[in-house]
Protein chains: 2
Amino acid sequence: MTERDRYHHGDLRGALVDAALELLEAEGSEAVTLRAVARAVGVSHAAPYHHFEDKASLEVAMTKQIRLDLAQTLSTVATASGSDSPDLAVAYVVWAIEHPQRFRMLNRAHSFVDNVTTTPAQPARGFAFDLLMDSMRVGQESGYFADNDPQDLALAAWAAVHGLATLLLDGRLTDGPPTVSEARRLALSVTRVLGYGLLRR
Amino acid sequence: MTERDRYHHGDLRGALVDAALELLEAEGSEAVTLRAVARAVGVSHAAPYHHFEDKASLEVAMTKQIRLDLAQTLSTVATASGSDSPDLAVAYVVWAIEHPQRFRMLNRAHSFVDNVTTTPAQPARGFAFDLLMDSMRVGQESGYFADNDPQDLALAAWAAVHGLATLLLDGRLTDGPPTVSEARRLALSVTRVLGYGLLRR
DNA sequence: CGGCAGATCTTGACAGTGAAAAGATACGGG
DNA sequence: CCCGTATCTTTTCACTGTCAAGATCTGCCG
């Protein structure tokens with residue numbers, strides 16, 4: 001709670017999460033080992049166990065932080081661009097390309113989700129889906145979008161964009177590692193097809 | 001090469017890959033450890049190193065086998081249904097739900113792809129994309145599909161379907177583990193939206 | 001101001017993992 | 001028949017997640 005790093009105490013837990021995220025970005029998910037994280041913070045290898053029950057528990061904390069970052073990026077884009085523009089879709093794909101490890105971590109969430117118990121009432125679709133559905137509703141009221149169930153529209157859009165991002169990150173669309181400009185181009189192509197539809201009109 | 005399991009020799013490598021795949025299906029990817037696989041085959045823990053350079057090398061072999069299985073499933077569906085039907089898309093999603101571990105393995109391929117060097121000329125899009133593009137071309141000639149670049153159409157379709165499958169498997173669309181019928185329903189919904197397009201006509 | 005209870009951190013240990021090195025064994029070609 | 005070589009085993013090492021027990025510091029109550 002205190003602001004400055006206190007000497008012996010300080011805000012471990014927070015420091016651990018930060019170090020873990022840096023390690024992830026710098027050396028990939030394999031390098032994110034409990035001991036390496038502890039080492040990076042300068043603390044003994046068992047210290048993390050007083051703040052996280054598990055390694056999985058640390059990963060859950062990392063995931064929450066990442067989800068927050070993505071949500072913030074997307075929400076600024078969403079408020080700054082019209083609901084009929086492909087900006088949101090492009091921003092999603094570009095963010096994935098620019099933060100590959102973070103994005104992958106989000107998608108591996110299922111593997112350490114014994115504790116995560118999201119409110120059982122509604123599924124954990126997360127922020128992206130909500131933004132999309134709002135966008136769809138607004139677009140419908142403005143006469144842009146077809147008047148299907150906005151949930152169906154949002155799901156199709158999210159699936160397409162999310163699929164494109166994962167395919168790019170898995171290197172299944174490009175020879176080398178995907179670049180941001182390629183990602184932008186493909187995202188625009190996909191959103192165009194998605195907008196007008198596959199079928200001849 | 002010999003057919004029957006020979007006593008001392010026999011077709012290890014093949015047996016290791018099979019055992020690894022069974023372990024994967026039965027206990028998840030965490031359980032697929034080199035030693036556990038060796039144990040399952042009844043051989044010492046270092047024996048695999050005479051057939052696979054690495055653990056990653058074993059995983060590459062597993063991936064190839066899985067890719068083959070999926071390709072076979074999809075190709076039978078492709079030949080049995082018209083190019084304008086959503087069968088291929090549904091089959092892709094349903095296969096993913098029915099073989100979650102295998103499907104995830106396919107998508108983790110990037111993590112053990114130092115050796116995989118697909119022919120550098122064309123990206124490793126794999127079989128699904130080729131099937132889709134053929135389907136698109138045929139559909140165009142029959143007057144079903146819009147006459148964009150079929151590659152753009154196929155990419156959008158693949159991205160949507162692949163995205164839906166991964167979202168389902170990550171539990172981001174349903175409360176519990178996704179069922180086949182849910183998967184089928186959502187796949188049909190997504191393909192319908194994809195067909196007619198998001199925008200009002 | 002003194003000391004104590006509890007949170008926080010360290011030390012040391014254990015089983016399991018991937019990997020390498022070196023020794024044993026059996027197969028097949030000369 | 002016999003030996004080279006591929007195949008398999010044994011042993012060993014560094015590293016991992018996890019736990020138990022000890023050490024140290026903090027804040028609080030008197």
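Straight-line distance from the NE2 atom of A:H50 to the P atom of C:dT11: 12 Å, rounded to whole Å. Rounded to whole angstrom, the span from the CG atom of A:L12 across to the C1' atom of C:dT10 amounts to 13 Å. One interatomic measurement links the two molecules: CG of A:D54 to P of D:dG17, which rounds to 11 Å at whole-angstrom precision. At whole-Å resolution of the value, CG in B:L58 and P in C:dT17 are 14 Å apart. Protein atom NZ of B:K55 is 15 Å distant from nucleotide atom P of C:dA20, rounded to whole Å. Rounded to whole angstrom, the span from the CG atom of A:L16 across to the C1' atom of C:dC9 amounts to 12 Å. Note: CD (B:E53) to C1' (C:dA20) measures 13 Å, nearest angstrom. For the pair A:E27 CD and D:dC15 P, the interatomic distance rounds to 14 Å; values are reported in whole Å.
Donor-acceptor pairing under 3.5 Å, judged by distance alone, is present between the side chain of B:R35 and the base of C:dG18. With hydrogens and angles left out, the side chain of B:H45 and the base of D:dT11 share a donor-acceptor pair within 3.5 Å.
OP1 or OP2 of C:dG16 has not a single side-chain nitrogen or oxygen of B:T33 nearer than 4.0 Å. When the side-chain nitrogen and oxygen atoms of A:R39 are compared with OP1 and OP2 of D:dT16, one or more of them lie within a distance under 4.0 Å.
In this structure, A:S189 OG and A:R184 CZ are separated by 14.5 Å, a value rounded to the nearest 0.5 Å. A distance of 5.5 Å separates CG of B:L198 from CZ of A:F145, quoted to the nearest 0.5 Å. Distance check: B:I97 CD1 to B:L169 CG gives 4.5 Å after rounding to the nearest 0.5 Å.
The aromatic ring centres of B:H162 and B:F103 sit less than 6.0 Å apart.
With hydrogens and angles left out, the side-chain atoms of B:H110 and A:R104 include a donor and acceptor closer than 3.5 Å.
The side chain of A:A47 lies closest to C:dC9 when the candidates are D:dC8, C:dC9, D:dG17.
Across the interface with DNA chain D, nearest-nucleotide mapping of A:V32 and B:G42 shows B:G42 to be the residue nearer the 5′ end. Between B:A36 and A:A46, the residue anchored nearer the 5' end of DNA chain C, judged by the nucleotide with its closest heavy atom, is A:A46.
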